[in-house]
Amino acid sequence: MASAPAQIPTSFGHELRACLRCRLVKTYDQFRDAGCENCPFFKMEEDHERIVEVTTPNFNGIISVMDPTRSWSARWLRIGKFAPGCYTLAVSEPLPEEMQHLCQEERVQYVPPKRM
């Protein structure tokens, strides 16, 4: 999708959130200011309530990916076509149905999290 790098989180505290679709990790403020580099159709920078809908503070682990197309771990995590940046290893909650329909309309793949 994108080749320009995503913003790197400015803090690694409790304010981190992960996009429920692509698992990009940034702070709430970064999502508010620039949205998600992999999911611009969510328009988080325009609708701040949407940030809470399509991101979560509940995720497991973080991986930094410099060159997603060449990284075996990025391919294994299914983030090989996304922008370089920081990603979570797993989210446990699904994207709301309304947002899943938006993904279908935009013809972008959404893979729901596996049940644990």
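Basis for what follows: all heavy atoms, side chains included, without hydrogens, waters or symmetry-related copies.
Between Ile62 and Phe12, some side-chain heavy-atom pair lies under the 4.5 Å cut-off. Residues Leu20 and Thr55 form no side-chain contact, since every pair of their non-hydrogen atoms from C-beta on lies 4.5 Å or further apart. Residues Val65 and Tyr87 are in side-chain contact: their nearest non-hydrogen atoms beyond the backbone lie under 4.5 Å apart. Counting heavy atoms from C-beta outward, Asp29 and Glu15 have side chains that stay 4.5 Å or more apart.
Remark: Lys43 NZ to Cys36 SG distance equals 14.5 Å, nearest 0.5 Å. The CZ atom of Arg17 lies 13.0 Å from the CG atom of Leu24; values are rounded to the nearest 0.5 Å. Once rounded to the nearest 0.5 Å, the distance linking CZ of Arg78 with CZ of Arg23 reads 8.5 Å. Of the inter-residue distances, the one linking Ser71 atom OG with Ile63 atom CD1 reads 5.5 Å to the nearest 0.5 angstrom. Note that the CG atom of Asp33 and the NZ atom of Lys26 stand 8.5 Å from one another [nearest 0.5 Å]. Cys22 SG to Lys81 NZ: the interatomic distance, rounded to the nearest 0.5 Å, is 14.5 Å.
Counting only distance, with no hydrogens or angles, the side chain of Tyr110 and the backbone of Leu95 share a donor-acceptor pair below 3.5 Å. With Gln30 contributing its side chain and Ile8 its backbone, the two residues share a donor-acceptor pair below 3.5 Å. Side chain of Arg50 to main chain of Phe42: a donor-acceptor pair is present (N/O by atom type, distance under 3.5 Å, no hydrogens or angles). One N or O on the side chain of Thr88 and one on the backbone of Asn60 form a donor-acceptor pair closer than 3.5 Å.
Residues Pro9 and Leu16 come closest through the heavy atom pair CB-CD2, 3.6 Å. When every heavy atom of Val54 is checked against every heavy atom of Met99, the shortest pair comes out as CG1-CG, 3.5 Å. The shortest heavy-atom contact between Ala6 and Gly85 is CB-CA, 4.5 Å. Between Phe41 and Leu102, the shortest heavy-atom distance links the atoms O-CD2, 3.7 Å. Taking both residues in full, the closest heavy atoms of Ser64 and Cys86 are given as OG-SG, 3.4 Å, listed atom of the first, atom of the second, then distance. Considering every non-hydrogen atom in both Ala18 and Phe59, the closest pair reads CB-CD2, 3.7 Å.
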What's the verdict on side-chain contact (heavy atoms from CB on, under 4.5 Å) for Gln7 and Phe31, showing C-alpha distance, side-chain angles and the deciding distance? CA-CA 9 Å; Gln7 290 179 318; Phe31 279 118; over 6 Å; no

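Connection of Leu89 to Trp76 is established within a shared hydrophobic cluster, with ILVMFWY side chains joined at heavy-atom distances below 4.5 Å, either directly or through further cluster members.
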